[in-house]
Every structure is written in structure tokens, then in C-alpha cells.
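Worksheet: one structure, shown below.
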Amino acid sequence: MSEPHSTPDWLLRAEGISKIFGGTVALNGVDFDVYRGKVNALVGENGAGKSTLMGIIAGIHQPTAGRIILDGNEVKLDSPRDAGEHGIRLIHQELLLFPDLSVAENIFAGSELHSAMGVRMREQERQATQLMERLGQRVDPRALVGTLAVGAQQMVAICKALSQQVRVLIMDEPTSALSTREVESLFAVVRGLVADGVSVVYISHRLEEIVEIGDFVTVLRDGRLVAHAAVTEIDSHWIVERMIGRDPKELFPYEPRPVGAPLLEAHDLTLPRAGGGLWLDHVSLTLGAGEIVGVYGLMGAGRTELLHTLIGERRETVGRVVLGGVRVDGESIGARIARGLFLVPEDRQREGLVSVLSVKQNVSLASLDDLGSFGSLALRRESAEVGTLVRDVGVKVPDVNFPVTSLSGGNQQKVVVARALMTDPKVLLMDDPMRGIDIGAKTELYRIMQRLAKEGIGILFTSSDLIEVLGMADRILVMARGRITRELSRGEATSQALVAASNPHAVQVAA
Amino acid sequence: VSASPTAKKLMVIITPAHTNPFFASEAVIANNEAKRLGYSTLVLSHNDDPNLQSQQFDLAISRHAAAIILDNAGADATIAAVKKANKAGVPVFLIDREINRNGLAKAQLVSNNFQGAVLGATYFAKLMGAKGDYAELLGKASDTNAGVRSKGYHSVLNGLKGMKMVAQQTANWDQTQAFNVTQTMLQAHPTIKGIISGNDTMALGAEAALKAAKRTDVIVTGLDGSPDVVSSILAGGIKATVLQPIAVFSKLAVDEANTYIKTGKTGKAEKQLLPCYLITKANAKKVHNFVLAGT
Amino acid sequence: MTAQLDALRRRVRSSAAEELLGQMKTLHGWRSLLLRLRAFVALIGIVIFFSGVSPAFFTGSNLLVMTEHVAIVAIMAIGETFVILSAGIDLSVGSVAGLAGMIAGGLLNNGLILHPLGIVVWFNVPLVILIGLGVGAGAGAINGVVITKLGVAPFIATLGMLSVARGFADLRNNGATFPNLAGDAKQHNGGFGFLGTGSLLRVPFTIVLLALFIVVAVYIAKRTAFGRRVYAVGGNERAAELAGIRVNRIKMGVYVISGICAAMTGLLITSQLSAAFPDTATSYELTAIAAVVLGGTSLFGGRGTIGGTVIGAFVIGFLSDGLVLVGVSEFWQMIVKGSVIVAAVALDEAQRRRQSRASASASSLIEEVMSSDRPATQE
Amino acid sequence: MTAQLDALRRRVRSSAAEELLGQMKTLHGWRSLLLRLRAFVALIGIVIFFSGVSPAFFTGSNLLVMTEHVAIVAIMAIGETFVILSAGIDLSVGSVAGLAGMIAGGLLNNGLILHPLGIVVWFNVPLVILIGLGVGAGAGAINGVVITKLGVAPFIATLGMLSVARGFADLRNNGATFPNLAGDAKQHNGGFGFLGTGSLLRVPFTIVLLALFIVVAVYIAKRTAFGRRVYAVGGNERAAELAGIRVNRIKMGVYVISGICAAMTGLLITSQLSAAFPDTATSYELTAIAAVVLGGTSLFGGRGTIGGTVIGAFVIGFLSDGLVLVGVSEFWQMIVKGSVIVAAVALDEAQRRRQSRASASASSLIEEVMSSDRPATQE
Ligand SMILES: Nc1ncnc2c1ncn2[C@@H]1O[C@H](COP(=O)(O)OP(=O)(O)OP(=O)(O)O)[C@@H](O)[C@H]1O
Ligand SMILES: Nc1ncnc2c1ncn2[C@@H]1O[C@H](COP(=O)(O)OP(=O)(O)OP(=O)(O)O)[C@@H](O)[C@H]1O
Ligand SMILES: [Mg+2]
Ligand SMILES: [Mg+2]
């Protein structure tokens with residue numbers, strides 16, 4: 001579609017951008033060009049710095065060093081407003097919406113359509129409907145966003161960016177919640193915009209998408225720019241190698257393990273969904289001792305709900321959960337933890353860490369009963385046990401009394417793992433454990449997972465990243481619409497198979 | 001002005017919070033008298049909030065009250081409410097506290113706070129031997145009686161060279177505040193020989209503070225004549241108080257209301273100041289629930 | 001479970017998709033209604049009960065009187081609603097009411113005395129009222145600055161103002177009352193009484209004023225960008241920021257509104273009593289907040305309506321007056337009021353859970369429709 | 001920037017890494033200190049100021065008296081601290097104190113009258129105190145149930161209790177006071193006065209009691225699993241839940257503790273006055289909450305200390321007494337108190353921002369050190 005050899009001019013350039021967040025160097029002297037009227041793809045591992053870079057271009061973060069040049073002259077972007085006034089719009093990775101406001105109001109929040117009589121509700125609703133239809137969505141513009149499915153919510157977020165005049169459209173993983181068909185209608189819109197001369201920055205973990213929609217691709221790794229090329233000159237394998245800076249095989253050094261007797265069994269787990277229908281639709285699975293099983297699916301597929309159900313956080317789920325031969329469904333989370341089950345949650349900040357507590361206190365949080373004689377804590381023993389664990393999983397912290405917030409994403413994740421290990425679990429549930437941690441940490445974490453598996457612990461983890469599941473799992477379960485649509489052994493698993501099985505609408509037809 | 005002639009006529013009795021025994025007895029006495037005269041009654045408390053009082057007037061009017069007996073929530077802030085009642089044809093009879101406007105209420109039966117304060121202050125000075133440092137506890141600034149009583153006290157005490165007021169603090173008629181303030185004043189002025197209080201609850205607070213500080217040498221007097229203080233006097237704690245004849249004026253107010261309802265006039269002057277009585281160890285035994293036997 | 005799902009699919013396939021969409025349209029409609037419903041229920045219950053026990057309760061004149069009483073709390077609560085919608089809280093409204101009343105009273109009795117210049121300025125009633133409201137706006141602005149600029153939590157910032165504003169109200173006349181605010185022909189400042197005691201074509205002006213405040217507030221909340229942004233800020237502050245909303249301005253706005261409404265309440269009371277006393281509206285903030293929450297507004301912000309608040313105020317007002325009418329002791333009044341408020345809110349909680357499930361399932365039907373409309377793509 | 005970063009590396013490598021680590025080690029140490037520091041500053045400022053203007057202020061006996069006054073608020077505030085640490089709030093403490101006092105007073109004056117059985121039971125003072133504290137615990141438990149089981153927001157649940165508990169306190173003796181609680185030899189229930197006015201080896205027992213409450217509370221907060229869990233629940237409820245903590249139990253716990261502390265305050269006041277009156281401790285909740293926040297505890301939960309609260313209580317107490325001592329009018333007292341509280345909290349905010357930035361940048365150095373220690377992660 002584009003001819004990269006006639007080197008096109010750039011509309012916006014980020015020069016020598018660096019950004020330090022408390023514990024982390026998120027960006028380190030990155031140069032990034034946004035070519036006029038092109039789709040500029042940006043790829044990189046979780047935590048590579050993509051969102052941070054885009055946040056700086058969109059005026060959300062201020063760079064620690066570096067400058068932004070637009071139309072040839074330097075611009076100061078102190079706030080999203082500033083960026084907006086330059087026509088720079090960002091579609092955020094996480095859904096930043098107002099669940100109690102209507103679709104139309106969400107789209108126009110902050111830039112309401114005015115008349116002397118106040119906000120023109122009808123007009124907003126009309127335009128909202130149009131925008132959503134452009135994306136192939138037919139939703140009531142007055143419906144409260146909180147009642148929509150994640151996919152639809154994602155589309156609302158996209159419309160919000162499209163609702164105003166835009167020169168640079170930044171899409172940060174817009175498709176992580178979208179089905180294949182929704183992705184196609186989105187791409188149609190993107191092509192239309194590009195044709196109108198809009199410059200697009202497109203971030204995604206799905207390399208096939210990059211190849212399909214991108215004109216140029218830029219690769220970030222650990223906050224540095226490692227490669228830049230015209231898409232026509234490269235292939236997805238090239239991208240992967242640049243992204244992780246080594247062969248995927250090294251990233252997840254796999255060693256076969258003997259799989260023992262089943263530790264965890266789930267039968268017909270069914271969870272009615274807040275949106276009617278089901279989060280979980282008769283899910284059954286078994287996990288053997290020393291086995292590492294991956295659950296792949298799109299956001300909204302129900303993986304988190306599955307893991308929450310297994311740990312006992314979703315008590316309204318029906319179905320049997322058997323742990324080491326004992327039925328545990330109906331038992332409290334605490335009871336299940338005592339029996340050797342533990343969940344490393346998806347969202348470290350929101351569900352994992354207690355930011356006001358120190359590293360030590362975070363690690364021991366789930367094991368206080370073992371430390372408490374008559375309710376009074378054995379602080380010396382706590383320090384000792386935590387100390388060994390922290391060394392064990394390799395948390396980079398000189399003193400366990402440090403505030404946990406002073407750690408980087410990877411180390412924070414290891415703290416949560418250490419918390420799990422302190423309860424000496426038989427089965428470890430890990431919801432997207434690799435999200436937002438750097439490459440090194442990923443390899444270390446995987447080494448730890450393998451070691452635990454060798455010791456006979458069963459591990460059930462989720463991921464939206466094909467490289468991860470394919471690299472780490474002994475066995476892969478694919479979920480879509482709350483069902484397990486496919487089960488693949490490490491041998492037979494291919495990315496195509498996973499993508500196909502994870503398509504929600506495939507389930508629709510199957511039903 | 002009654003809802004239905006067959007029904008008993010209604011008398012509404014409104015006083016400050018009953019958490020002060022003084023007002024509680026006031027209400028009880030008026031209530032009994034009204035019942036005795038064959039009225040149905042509605043006993044309310046405005047907690048010294050003139051807005052609430054005014055709203056209670058509205059409701060009294062809604063219920064076609066035959067009369068309102070009122071110990072009011074503010075000499076100025078009550079005037080409008082009384083006017084409102086008059087306009088609706090509901091006569092108002094004031095007790096204990098007057099309002100700053102004559103010719104509105106059918107009666108203003110109040111104890112002579114000034115005279116009472118003079119009694120109290122004179123005896124206080126006598127106990128002090130007309131010399132030495134003393135402190136004063138003031139009532140709520142927004143309550144006119146607080147001012148009147150303080151004036152009464154000083155009309156006596158300021159005349160005595162020997163006596164010196166070293167501290168003056170408000171305790172808002174409140175027992176705990178009186179306790180804390182007294183403790184603090186004792187710190188600032190250990191020389192204090194006497195504490196003269198604007199009412200009885202504050203006197204009790206002061207007395208407790210003195211007990212705690214083992215300063216039984218300090219003289220405390222109150223004003224009201226409440227049962228608790230009377231028993232304290234008998235027990236040798238507080239030295240004196242001044243009895244306000246609430247038993248008299250509460251009953252009187254109801255009677256006048258009754259005559260007014262029947263005849264259309266009270267046949268008495270609107271303003272009547274009833275004398276107060278000094279209560280000391282000598283006559284305390286004769287005081288029962290605000291009634292001094294033989295008055 | 002699957003049975004249910006299949007039934008659902010069949011129903012959808014057999015179409016009526018449009019009709020379903022119709023249902024959806026009104027969905028948010030009955031949500032916001034439901035939010036107020038149980039306040040309604042409580043109100044109706046109260047009216048029925050007291051009409052039964054006291055003939056004086058359900059009479060035209062008494063209903064008017066009670067509505068006037070409601071207006072006092074309602075106007076204050078309307079302002080508080082904006083603050084709470086923005087996920088804040090304003091504890092200073094009672095004191096601010098008192099201060100505004102004292103300022104107005106002082107101006108009516110003594111005018112504005114400029115000692116240095118040795119002159120006295122007299123304002124007519126409209127100006128006095130404006131100044132009174134201005135005082136409220138000022139206090140609100142100070143709250144706003146302390147909260148947005150100094151980063152003090154609303155609870156503490158307004159707690160401080162509660163104490164400071166009351167202190168100044170007391171100081172204004174050394175704890176004394178400003179009596180008889182009828183004004184003085186010579187100063188052309190008569191007629192202050194109309195605010196609280198006048199009437200327009202037989203309707204007490206207080207009630208007219210309440211109606212006015214309701215209309216304006218509903219318009220601001222529902223029809224203006226500011227109003228919608230208040231909901232946005234309360235619903236998700238970070239998202240609001242990233243949507244380019246100037247969060248601090250919105251917050252300033254709500255506290256100023258709250259201050260103005262509080263001042264209006266203070267002026268009303270002052271006018272009704274034709275006297276300004278420093279304790280005016282002491283601890284009314286709690287009643288106001290209770291009314292807001294009774295009306296279905298979430299203390300966590302983003303969810304609620306002005307209409308609900310007004311009904312909440314009616315519940316509390318009618319309950320208090322009813323209890324007085326039938327002569328329940330003040331002590332039992334406290335117990336009953338406290339219990340009713342908690343009970344109503346508890347009811348609300350239960351209801352919201354049920355109701356959100358309901359609305360959600362309806363929306364999933366729609367999804368089913370949408371996805372079954374088009375052939376699913378396979379790769 | 002890369003240059004800068006490398007410079008940083010060199011600096012770290014070249015030396016001082018250990019020293020840096022040393023600094024970091026104490027970081028959390030002075031964090032918790034800093035939280036209380038500005039309360040300290042305020043306190044010191046107050047002491048210096050009043051010592052200057054009034055010779056009577058800084059005398060042993062006056063310090064004792066003021067500390068006794070502080071104890072009243074401090075004990076209440078200690079209980080409130082647990083609630084606020086768990087991200088809740090308890091507005092009912094004042095009323096609960098009043099109720100506990102009335103119950104105790106009633107038992108001392110009239111015993112427990114069992115009409116049906118026609119008997120009267122008398123309890124000795126320790127039992128009366130236990131029952132009083134039990135009443136507080138009960139009220140707290142009800143708050144807890146309403147909040148955890150009925151899902152009512154703490155603000156509303158405890159607001160309801162504020163009204164209900166006060167109502168019952170008034171009802172207990174129809175608004176009247178229980179006078180003269182000296183007790184009666186015949187009933188073996190003398191000595192209640194010791195609680196508020198007695199002393200152990202010259203130290204007023206009230207102060208001994210305060211010390212006792214501080215020690216126990218600090219122990220619970222710092223050394224017990226329960227305390228640790230309170231912080232966790234307040235800091236991140238979801239995470240606490242997923243770590244197997246029974247969040248509802250923890251919440252029940254904090255409200256019960258708060259109720260007990262409130263009851264203790266009520267009993268103290270009752271004992272000091274040797275009279276139980278139903279208005280005891282009206283609106284003390286605001287002072288208690290102010291003390292907690294002054295002490296550096298965040299209203300959003302998870303962050304704060306008992307020690308800080310105690311200092312906060314001292315600030316408020318010494319300030320009030322100091323103002324009385326120098327004879328400042330009660331009106332100015334309100335203004336000063338309100339302003340001081342807000343100012344102190346604002347100061348805190350500014351400080352926390354600065355200080356957290358400090359710890360952050362320091363920790364980024366640490367990152368560097370650690371990763372340069374272990375080349376493992378670099379490819
Ligand atoms: N607000 C923040 N505070 C502290 N650290 C942050 C913040 N935002 C990002 N980081 C850190 O900066 C690094 C880059 O994060 P960023 O979100 O930019 O990565 P990303 O490429 O977008 O990853 P993903 O693919 O998961 O979105 C990560 O280590 C992350 O933990
Ligand atoms: N309709 C909805 N409304 C609100 N939140 C939703 C909705 N659907 C999904 N979510 C939330 O979005 C997240 C993703 O959904 P879910 O967890 O069910 O799928 P998942 O496979 O775990 O996705 P993820 O990739 O986020 O783990 C979850 O936290 C879920 O609670
Ligand atoms: Mg990102
Ligand atoms: Mg998930």
C-alpha cells in the first residue's frame with residue numbers, strides 16, 4: 001500500500017526522549033518519527049516503554065529529557081489538552097471511561113457539543129451513533145458504558161478519539177479486547193483516516209496485525225529504540241528477534257518435566273455474567289503435579305474470572321473444584337490458601353500489592369497466621385523467612401523494609417510470587433504474570449516457575465501473548481466467551497490455531 | 001379556634017432541651033397543670049434553635065392549638081414566631097425568658113433574673129468575706145439571661161474593693177466545659193477563692209473540678225435551684241444557689257392561658273417578674289423539685 | 001444455565017431485535033428512576049402513616065407549611081449534591097449558612113461601617129441578598145482552593161471551614177443576635193421579610209425559591225457541560241483529566257455552588273425569623289448529607305440526581321414534622337430518624353445490586369442480537 | 001540523558017553504593033517519622049508560644065491537667081484511628097460515649113431493675129465499667145454489621161448510630177442526669193470516681209489509663225496479625241481479600257475497638273463529673289477525627305500511626321487549653337483551631353509529596369546499584 005523507498009516526510013518527531021519513573025528507567029534516549037499520512041507501528045515487549053513514549057507525545061507524561069517537534073518547530077505539551085489542541089489524540093491501553101455515563105456522554109466528555117441552551121444531547125447521540133456505526137457497532141448511544149462488553153467499551157474509547165479533529169492518532173493496543181471481525185472494521189476506519197492524511201501510531205502485540213496495517217515499524221526494548229524499518233522489508237520473525245533481542249527459545253528455556261498425578265480439577269464451572277450470558281460456560285480442566293498449563297484468550301474471554309473462581313473470589317460460580325482430592329468449592333479464599341492454592345493476580349497495582357506496606361509486609365501478608373502466636377507476630381522470624389524467600393526469587397531490593405513502591409514492575413511481580421511461596425502452595429494460579437515486566441525479569445520468572453514445577457507444584461497461568469504461551473506452557477487451553485474452545489499440547493500448538501480458537505464469534509457459531 | 005368542638009382543646013408546651021433538669025421540670029409542671037384543666041397537650045423542645053422553634057409554631061398552628069406555652073430560643077429570634085402565632089389566632093404565653101418586644105405575647109412570666117443574681121452575688125460576697133480573687137462562669141452568649149445574670153452579679157461585686165475577678169470564661173451552660181475551664185482557670189490563677197456560676201449545671205462542673213483538684217476551700221455558687229445542686233448544698237459541696245420559681249410561673253402561665261381561652265383576656269399585666277429565693281444549707285431541706293415549701 | 005442461554009438465543013433469533021433496542025433506550029431511564037424509587041417508597045409510606053394517625057397532617061395548609069420547612073434543608077442539600085457527585089464532601093454548609101445570615105443581618109441593621117472614612121454605606125435588600133450569597137460563594141471558593149491547591153482532603157478542609165465560619169459568625173456581633181430586620185424606610189432597605197414569609201399568588205415565596213433552585217440545579221446537572229463533567233470527575237477522575245477536563249476548576253465550581261446554596265438557606269432562616277443569630281443552621285450539614293444519600297447519590301461520586309436529593313429532603317422533613325405533630329418525644333425522634341435513614345440506604349444497596357443485574361442482562365440480549373445479526377467471520 | 005544516566009551509574013559504581021544503601025535502609029524509618037513530624041512542630045510551636053504569653057502554661061501541675069484533658073480526646077481518637085486506617089470512618093463515637101456514660105450512671109444509681117422478676121441487681125464498679133465498655137463494643141458491632149452485611153457506607157451507617165445512640169442516652173433517664181455517682185457502701189459499688197479523679201503514685205489515673213491505651217493500641221497495630229491486616233485492608237482491600245484476609249472480620253474488629261474506646265471516654269467524663277448526663281461528648285467525633293488526621297493518618301486508609309494520633313490529640317488539647325488560659329474569646333478559639341488543623345494537614349500534604357519524591361529517586365539509584373551488581377539481567 002505504501003512505497004517506503006520514497007522516504008516520506010515526518011509530521012511529528014520525538015528526539016532523545018528519556019523518562020524515569022520512581023524505580024524505573026522507562027525510556028532512555030529514544031528517537032521516534034511519525035510519518036505524515038502513514039501507519040507507524042510501534043512494537044515491543046510488555047514494559048518496553050511504548051505507552052510511556054506515547055504518553056509523552058500526548059502530553060500525559062513530561063519527558064525527563066528530550067523534546068517534541070511538530071511541523072518542524074518544537075512544542076511544549078504540558079497536558080492532554082495541549083496535545084489535543086495540536087490534533088494529537090491518544091486511545092489509551094486501559095479502558096479509561098465513565099461507567100455511569102452514556103456512550104454519547106463518554107465520547108463527548110470534555111468536549112461537549114454546545115448551544116446557547118446548553119449541551120446538545122440529541123446531536124451528541126446522533127453523532128455517537130454514526131461514529132459507532134463507522135466501527136460496525138450498533139449500540140444505543142444512551143446505554144450506560146458500564147453495561148457494555150469490554151469489546152464495545154474499547155470501541156467507545158476509539159470513537160472518543162475520532163470524535164474530534166485529529167492529525168496524529170495514537171492507538172495503544174486498541175485490539176486487545178476485539179474479535180477478528182471487530183479488528184477488521186477498525187482497520188477499515190484506520191485506512192480511511194490515513195487516506196485523509198491522518199498520521200497514525202499503532203501499537204499492538206499481534207504481529208500479524210502490524211504486518212497487515214503498518215507502513216513503518218519501530219521496535220523498543222527496555223526503553224531503548226532497537227530497530228526501525230519499512231514493513232515491506234521485514235517479516236514478523238524479524239520483529240520478534242528485535243523485540244526480545246534473542247531467539248524466543250532462549251527467552252523461555254524449556255526443559256521437559258515429568259507430569260505427576262492431577263492436583264487440581266474443575267468440573268463444569270459456570271458463572272453468570274454481570275452482562276447476562278456467562279463469564280464461564282461449563283469450564284472443566286485438570287492440572288497435574290509439576291505441570292505448567294497456559295490459558296490463552298482475548299481480554300474479556302473470562303480467564304480472570306476462571307482464576308478468580310478457582311481461588312474462591314467468585315462465590316456465585318456453580319460447579320466443582322477439587323484440590324488434592326478434596327472438594328474446596330464453597331470454601332473461603334483463606335481456606336483454599338491453607339489447602340495449598342494461591343492466586344498471583346492480574347493487576348499488580350489493583351489486586352496484588354499493598355503499596356502502603358513494605359516489601360517484607362507484602363510478602364508475609366498471606367502467611368500472618370503462621371507467624372502469629374496468640375495474635376502477636378514473630379517479627380524476627382518474619383524477617384528471616386521473608387529474607388530467604390526474597391533472595392530465592394531474586395527480588396532486587398537491598399532491604400526488605402523498603403516501600404514496595406520503590407521496586408520496578410518485574411521485582412514487584414516477584415514480591416507477589418514470594419508471597420505465594422511463603423504459603424507453600426501446591427497449585428499456583430498466575431493471571432498474566434508476565435504483564436509489564438522487562439525481558440530479564442521474564443526469563444528469571446520463568447526459571448522460577450520451572451523450578452517450582454520440578455518441585456511438583458502445578459502452575460496454571462494466563463496470557464494474551466502468543467510468544468509467552470507457546471514458549472512457557474506444557475499444555476495450552478484456549479478460552480473465548482467463557483468457554484474452553486481448544487486444548488493443545490506443547491507439540492501441536494501453533495499461533496494460527498490459538499488465534500482461530502480465541503475468536504469469540506467462532507464460539508457463537510459453534511453454539 | 002379548635003379543630004372539632006368535641007375534641008379536647010390542645011395546649012402546646014415548648015421549652016429548651018429537657019437534658020437540663022430545669023427545663024424538664026418546667027415542661028412537666030406546665031404539662032400536669034394543663035392536663036388538670038382538661039387540655040390535651042403537646043410537649044416539644046426546640047434545643048435553642050429558633051428555626052426549629054418557628055417550625056414547631058407552624059405545626060402547633062396546623063393542629064389549631066388553643067395556646068402555646070413557651071420558654072423561648074432567643075429574645076429577638078422568637079419575635080417573628082410569636083407574631084405568626086398571633087396572626088393565626090394562637091395566643092402565646094412566655095415563661096422563664098422574655099422577648100425584646102412587648103404587646104405580642106399574652107403574658108411574659110419570668111423570674112427576676114437580675115434580682116436573683118443580686119441575691120446570689122450578695123451571699124457569695126458574704127461567704128468570701130467581701131475580699132479575695134474570684135472567677136465567673138458565663139452562660140451562652142446568645143442567651144439574654146446569661147447577660148442579665150452577669151450584670152446582676154457585678155452590680156454587687158464590682159462595688160466591693162476587696163473582691164477581684166481574675167478570670168471570666170464562658171462554659172455555654174455546659175457541665176463538661178465548666179469542668180475543663182475551671183481546671184484551667186485554677187492553673188492560671190491558683191489564688192482563686194470563689195467561683196460564681198451563671199447557672200447550676202456549670203456550678204456542678206466547677207464543683208467537680210475543685211473536688212478533683214482537692215480545692216474544697218473554694219466557694220461555688222450557682223443559680224436555678226436544681227435538685228442536684230440542692231443535694232450538693234446539703235452535702236456541703238456547692239455553697240448556695242438561687243431558686244427560680246419555675247413551679248410558680250409554669251403553673252401560672254397555664255392558668256392564665258386557660259382564663260384567656262375562656263374569657264379572651266388574662267386580666268393580668270403582660271410582664272410579671274417573679275422573685276427568686278436564695279437557697280443555702282439553711283433552707284435547702286425545704287426545696288423539692290424547684291418548689292421551696294412555704295412560698 | 002445453558003438452557004436459559006439457548007432460550008434467550010431463540011427469543012433473539014425469532015427477532016424483535018428492534019423492540020429490544022427500544023427497551024435498551026429507556027434502560028438508563030429506569031435506572032435513575034429506580035435510584036429514587038425507594039426514597040419515593042419511604043416518602044409515600046411516611047405520608048400514609050402520618051395521615052392515618054394525625055388528621056392535621058394531610059391538610060393543604062399543613063403540607064404547604066411542611067414543604068416550607070423542607071425547602072430549608074433541600075436548598076442546602078442541592079448544593080451538597082454537586083459536591084458529593086464530584087466525590088467530595090462539604091461539612092461547612094451549616095456554618096456558612098450562619099455566617100451569611102449574620103453578614104446580611106448586620107448590613108440591614110447597621111449598614112457597612114467604614115471607620116477610616118467615617119462613613120456608613122446602606123444596601124437595599126436585593127444587594128444585601130447578593131452580598132450574603134457572595135459570602136457563601138467566597139467560603140466555597142476558599143474550600144475549593146484549600147482542596148485543589150493545598151491538596152487537603154475535602155473532609156478536613158470543610159471541617160476546618162465549619163469551625164472558622166462559625167467563629168466569624170459569632171464574632172460579627174459578639175455572639176449577639178441582629179434583631180428586627182424589617183429594615184428602615186430612610187435607608188430604603190425594607191422588605192427582607194418577603195424572602196422567607198412573602199408569597200406569590202398564594203404560594204409561599206420559600207417554595208417558589210425551592211422550585212427555582214430545583215429547576216436551575218437540574219438544568220446545570222443534566223444540560224450543561226459543567227454538570228456532565230461533575231459526573232465525569234466523580235466517576236473517574238483520572239479519565240476525566242485525560243479527557244482534557246480541568247478537574248480543579250470543576251471542583252472549585254461545586255464548592256462554590258454548595259456555598260451559595262448554604263448561604264441561601266441561611267438567608268431564608270434569617271428572613272423567616274426576621275433576626276440573624278449566630279447559631280443559625282448549626283449541624284444542618286448532617287441532615288443535608290443524609291438527604292443527598294437518601295436520594296440515591298453515591299458518596300463515592302459519579303452517581304446520583306438532584307431529583308433524588310429533593311425527595312430525600314422531603315422524606316426527612318415530613319418525617320420530622322410528622323413525629324412532632326403526633327407528639328413523639330424528641331428522644332424517640334432521634335432514634336427513628338437515624339434508623340429510617342440507614343434502613344433506606346441499606347434498602348437502596350440491595351436494590352441497586354438487583355437492579356444492575358437486571359439492566360445488565362437486558363444489555364447482553366442486545367449483544368446477542370447484534371452478533372447474531374451478522375455471520376461470524378472465521379479464519 | 002544517556003550521559004546523565006551513565007554518570008549516575010559511574011557514581012554508583014565508583015563508590016558510595018553502600019552508603020546509599022544505608023541511607024535507603026533508614027528511608028522507611030524517617031518516612032513514618034516525617035508523618036508525625038509536622039504534628040510535632042505544631043505541638044512545639046504551641047508550647048513555646050503559650051509558655052511565652054502565660055507563665056501558668058508551662059508548669060508541672062498545668063501540664064498534668066492539660067494532659068488529663070488530652071486523654072479524653074486521645075482515647076477516643078485512638079479507637080477512631082483503627083477505623084480510619086481501615087479506610088472507614090466512625091461518626092458515632094461521641095454519642096456512644098454518652099450512651100455508655102448513661103448506662104453506667106444508671107447502674108450505679110439505681111442498679112439493674114428487672115421488673116418482671118421484681119428484683120434489683122447491683123454491680124460493683126469494675127463490673128459497671130465492663131458493662132459500659134460492653135455497650136460501646138455492642139454499638140461498634142452494630143456499626144460493623146450494618147457496614148459489612150448491609151453494605152451501607154460507613155459515613156451513613158455511623159451517622160445513623162450517632163443519632164440513635166444519642167436518642168437512647170437521652171431516653172435512659174428521660175433526659176435527666178444521673179447525679180452523684182459516689183456509689184453506696186450498702187451496694188458495694190463505691191469508688192467510681194477513681195477512674196477520672198484518682199491517682200497512682202501522684203500520677204492522675206486518667207493519664208495512667210491513657211498510657212495503657214497507647215501501649216495496647218500500638219501493640220495491636222504494630223505487633224499483631226490483626227493490626228497488620230487493618231493496614232492491608234485500608235491500603236488495598238482487593239489485594240487483602242485475594243491474600244485470604246477475611247476483610248469483613250477486620251472491619252467488624254475496628255468498629256468494635258472504636259466503640260470500646262468511645263465508651264471509655266464516656267466513662268472517664270462521667271467519673272470526673274461524678275454525674276452522667278445524656279449530652280456527654282456531643283460532637284466530640286469531629287475533634288477525634290481531626291486529631292487522627294493531624295497525626296498523619298490518611299482518610300483513605302492504610303497509612304498512619306497511633307503515635308501520630310496521640311500527638312495530634314495533644315496539639316488540639318494544648319491549643320484549646322492554652323487559648324482558655326490566656327483568655328481568648330471562644331469565638332476566636334474556633335477560628336484558630338479550625339485554621340491550625342487545616343494548615344497542619346496542608347503542610348503534611350506538601351511534605352509527603354516532597355518526601356515520596358525523595359524516596360522514589362533514591363530507590364531508582366538502588367535499582368541501578370542492584371542491577372549493576374548482578375549483570376544477570378543485562379544481555
Ligand atoms: N506511572 C508509572 N509509574 C511508575 N512506573 C511506570 C509508570 N508507567 C509505566 N511505568 C514503568 O515504565 C515501564 C514502561 O511501561 P509502559 O507501560 O510504557 O510499557 P509498555 O511498552 O506500554 O508495556 P505494555 O505492552 O504492557 O503496555 C514499565 O517498567 C512500567 O512498569
Ligand atoms: N462488560 C464488562 N464490564 C466491566 N468490566 C468488564 C466487562 N467485561 C470484562 N470486564 C473486565 O475486564 C477484564 C477482562 O475481562 P475478563 O477478566 O473476563 O477476561 P480475561 O480473559 O481475564 O481478560 P484479561 O486479558 O483482562 O485477563 C476483567 O477484569 C473483567 O472484569
Ligand atoms: Mg502499554
Ligand atoms: Mg484477566
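For the numbers below, each heavy atom of this structure counts, side chains included, while hydrogens, waters and symmetry mates do not. All chains are named by letter (A, B, ...) in the order of the sequence lines, taking the proteins before the strands, and each is independently numbered beginning at 1. Everything quoted here is computed from the prediction, not taken from an experiment.
- Heavy-atom pairs under 4.5 Å with chain C were tallied for D/Gly338, D/Ala153, D/Ser163; the largest tally goes to D/Ser163.
- Contact tally against chain C (heavy-atom pairs below 4.5 Å) for D/Val146, D/Leu286, D/Val336, D/Val340: the top residue is D/Leu286.
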**OP:** Give the intermediate values and the outcome of side chain to side chain contact (heavy atoms under 4.5 Å, CB included) for residues D/Asp170 and C/Glu330.
**Re:** CA-CA 9 Å; D/Asp170 288 331; C/Glu330 53 172 326; 5.9 Å; no
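- Both the backbone and the side chain of D/Ala346 come within contact range of chain C, each with at least one heavy atom under 4.5 Å from a heavy atom of that chain.
- The contact between D/Leu171 and chain C is made by backbone and side chain atoms together, counting heavy-atom distances below 4.5 Å.
- Heavy-atom distances place the side chain of D/Leu159, and not its backbone, under 4.5 Å from chain C.
- With a threshold of 4.5 angstrom between heavy atoms, D/Val342 approaches chain C through its backbone and through its side chain.
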Subject >> D/Ile89/C/Phe155 under side chain to side chain contact (heavy atoms under 4.5 Å, CB included): CA gap, chis, key distance, verdict >> reply: CA-CA 11 Å; D/Ile89 193 154; C/Phe155 190 97; 3.7 Å; yes
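- For chain D, the option among C/Asn174, C/Ile341, C/Ile156, C/Leu91 with the highest count of heavy-atom pairs below 4.5 Å is C/Ile156.
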